[in-house]
Amino acid sequence: MQLNPRLIAVVAGVVVVTVLSLAFASQGVRNGPTGPYGTVQPETDELLLDLDIQAAYDDDDIVMRFSWPTDAPSLYHDYLVYESGEWVRYGGEADGSAFPLNEDRMTFLLDDGSIDGFEHYGGFMTVFSFTRYMSPEDVDEEESEAAIGQDDLRKMLPDTMEDPSDWRTLRDEDELDGLRQAGYFLDLWHWRSHRSNPIGWSDDQFVFDRRRSDDGEGAASTNFDGDLEQPEWMFDPEQTGQYAMSWDRIQSLDYTLDDPYYLSEDNAVPFDPDHDWQDGDTIPRRFLSEPEGSRAAIFSQANIDDGRWTVELRRALDTGFPEDDKILEEFGRYDLAPAVHAGATAGRWHYVGMPVTLGLGRSADVEAMRFSGDGPDWDAIEPTTVELFYPGVIAWDYLADRQSHSGAGAIESNASFYDAHDEAKMAFYALESEFRDQIMSQWLWTTLVWMVFILGSVVAFLRLAQRYGRHRTGAETIVSDDALRAEEQHA
Amino acid sequence: MNPAFHSIVVHVLTGTLMFGTFAAVALFVLRFGALARFRYLAPAADQAALFAIWIGTVVSVAGMVTGFAIHSLESSLNSPVIRNKITSGILLILTYGLFLYLRHRIGSRIWNNDLTAGLATFLTLAGLHWNIVVNSIGGDVAGVPSGYESIVRLSGVETRFTYYLPTWVLLAIAAIVVAMLVLAFTDRGSKDAAEEDALVGSD
């Protein structure tokens, strides 16, 4: 056999193509900082997040403790920054833009068995292709306001619509009232690191025909006088040692839980426009005060230690608001679907978990232990770890449509999510869901080019191989001359 | 269509293609001294490989048809792993199909030339690789992954992501294919090579 240079070059070409394919397969159009939604997607090694959950209860309250890793905890939300004589708003954007000012959040949806399928599909049941930020073009605000009285479409439950694939078919008020009274809603515990936690509360909401807040007043109001175009409150310098925060320190995430990073009734005084304000002086755009009514049902306490958030939430088992909250009972079992906003994200750019069961004094994924005294001994309660994942733009109307999703039949029969998926796989699906059209085109081209490559390389190699390959003769012949002659004779 | 029909077809093609591939590999290794005394088996192995790979390749087409019949085309194309399954299935049929074409075009002589025998064997092994990938993804789709993905992942390819390459890589591959063909078809060959042509036959 001759080591012909051309033969070597063809083999080298095959090797180069193989190496290139291995190096770049599964990267393709995802290479690059932004997707078609103009937003930043998480890296493939940032698609999962472990959340530890513990729970305990006594005669009156349930206490839940959540813990998750954080390398850049965000205590910040939106701020007013003094720039050349004007107060300019920064932060709090919920559209996925990569601006590092959004509070960390931990939420969970809670059901008592009223929502068929929630135990398997969790929060995916509340998100539709028309939900805000789920497609590059949001539903027109004026159109939705005129049609159903909502200027944006957030989380909804399927049965609040006649046709769950069409937001225009929202049921009338009487039917909605009946559904809610029958318990067809999801309780939403909504812990916010900036807009409620600093004064010891979690926000309390529920998901029904939209994401609604419980009755009453929330903890955060807007600290801005639109007429005067200035804040209404500023820091009390006697209490906090400052009139304003430093914009530079905020941008480098330098404040800690012990610093005055929020504005509340306890550390604020009315804004003084005559103070000698300097460029970069920063005042929180939110003013915190004690919440009221049903919305004030959940107390919170949080800290950051060893690179982990630990959040403790306490609520009465029976809040007295059965149309806002899921009432809990000893020996009851409930479904809980958690989510975390980490890394200064908002909107749908978060981590979600599939539902786990919560049992009060009975077996469940998260077993709440009975405690006595002021609070539980957390060291005595084994945490349950839930793997959260990035959910992309996977919507309920897509999942339930047989034409779109091959698992729609399984959903119709209420099969478990885990029959065909796991969290890691879902995270990859979710990431691709944001590039579906682009990937389809690139995939077809890749398959075609690989076919051409295989054909072309075989033709080229064969032509040279026949010429330069060692031909076995005589005793070395693999298929003997007799066999060849017989074959030719047959042909 | 009931997914069980697809599973039945896939089991048939997997068995026959594996058998054919082993026969082809056996033919290749018969050229080595230690196994020379078994060369009398070569004609039988040649026929066995040909027969089994014919059956397996035809049934592979049936496997693809029954696979597409389980779900709607749109839902299949929406799934990253099913897209990968389609790509792997197409490349399976292509590589085994090329083997069959070359075997019929050149005849049994393909096994007497070290390089053409190597090419034929390589094609069957490549087909077997795609077969394993297709079956492994099939298990993944059915919720019972085989674990082969974790081995493939070591090569840098994530089977849960759709197989696709950036445009510049596709263009580079196309350029390399053109270059390979130009090199092959502009080769004038040597005197020795011409003598080999006379012995082996040139297509």
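Side-chain atoms are counted along with the backbone in the values below, which use heavy atoms only and exclude waters and symmetry mates. Lettering follows sequence order; numbering is per chain, from 1.
Heavy atoms of A:A427 lying under 4.5 Å from chain B are absent altogether. If you measure heavy-atom distances from A:F453 to chain B, the contacts under 4.5 Å come from both the backbone and the side chain. Both the backbone and the side chain of B:L183 have a heavy atom closer than 4.5 Å to some heavy atom of chain A. Contact of A:Y398 with chain B is made through the side chain alone, with heavy-atom distances under 4.5 Å. For chain A, the nearby part of B:T95 is the side chain; its heavy atoms alone come within less than 4.5 Å. Interface remark: B:I176 contributes side-chain atoms only to the contact with chain A (heavy atom separation under 4.5 Å). If you measure heavy-atom distances from B:A172 to chain A, the contacts under 4.5 Å come from the side chain alone. For a residue to count as touching a neighbouring chain, one of its non-hydrogen atoms must lie under 4.5 Å from one of that chain's; by this rule B:F185 touches chain A with backbone and side chain alike. Within the 4.5 angstrom heavy-atom criterion, no atom of B:V178 approaches chain A.
Ranked by heavy-atom pairs under 4.5 Å with chain B, the list A:S404, A:A420, A:G456 is led by A:S404. Counting heavy-atom pairs under 4.5 Å between each of B:A42, B:A45, B:P80, B:A126 and chain A puts B:P80 at the top. Of the listed residues B:L27, B:T186, B:V182, B:L41, the one with more heavy-atom pairs under 4.5 angstrom with chain A than any other is B:T186. Most heavy-atom pairs under 4.5 Å with chain A, from the set B:L91, B:L119, B:I90, B:L30: that is B:L119. Of the listed residues B:V81, B:I82, B:N84, B:L123, the one with more heavy-atom pairs under 4.5 angstrom with chain A than any other is B:V81. Each of B:L73, B:I70, B:V177 has some count of heavy-atom pairs under 4.5 Å with chain A, and the biggest count is that of B:V177.
Of the possible donor and acceptor atoms, none in the side chain of A:R6 sits under 3.5 Å from a partner among the backbone N and O of A:L464. The backbone N or O of A:A400 sits nowhere less than 3.5 Å from a side-chain atom of A:E412 that would complete a donor-acceptor pair. Here the side chain of B:R83 pairs a donor or acceptor atom with the backbone of B:L77 at under 3.5 angstrom.
A donor and an acceptor atom, one from each side chain of B:T14 and B:N135, are located under 3.5 Å apart. Between the side chains of A:T385 and A:D50, not a single donor N or O lies within less than 3.5 Å of an accepting N or O.
Aromatic pair B:W130/B:Y96: centroids not less than 6.0 angstrom apart.
You'll find the side chain of B:Y164 stays beyond 4.5 Å of the side chain of A:S441, heavy atoms only.
Between A:H421 and A:Y429, the angle of the ring planes goes over 60°, which puts this pair in the perpendicular group of the 30/60° scheme. Using the six-membered ring where Trp is involved, A:F417 and A:F389 have ring planes that are parallel, under 30° apart on the 30 and 60° scheme.
Ion pairing between a basic and an acidic side chain is recognised when a charged N comes within 4.0 Å of a carboxylate O; B:D187 and A:R463 show no such pairing.
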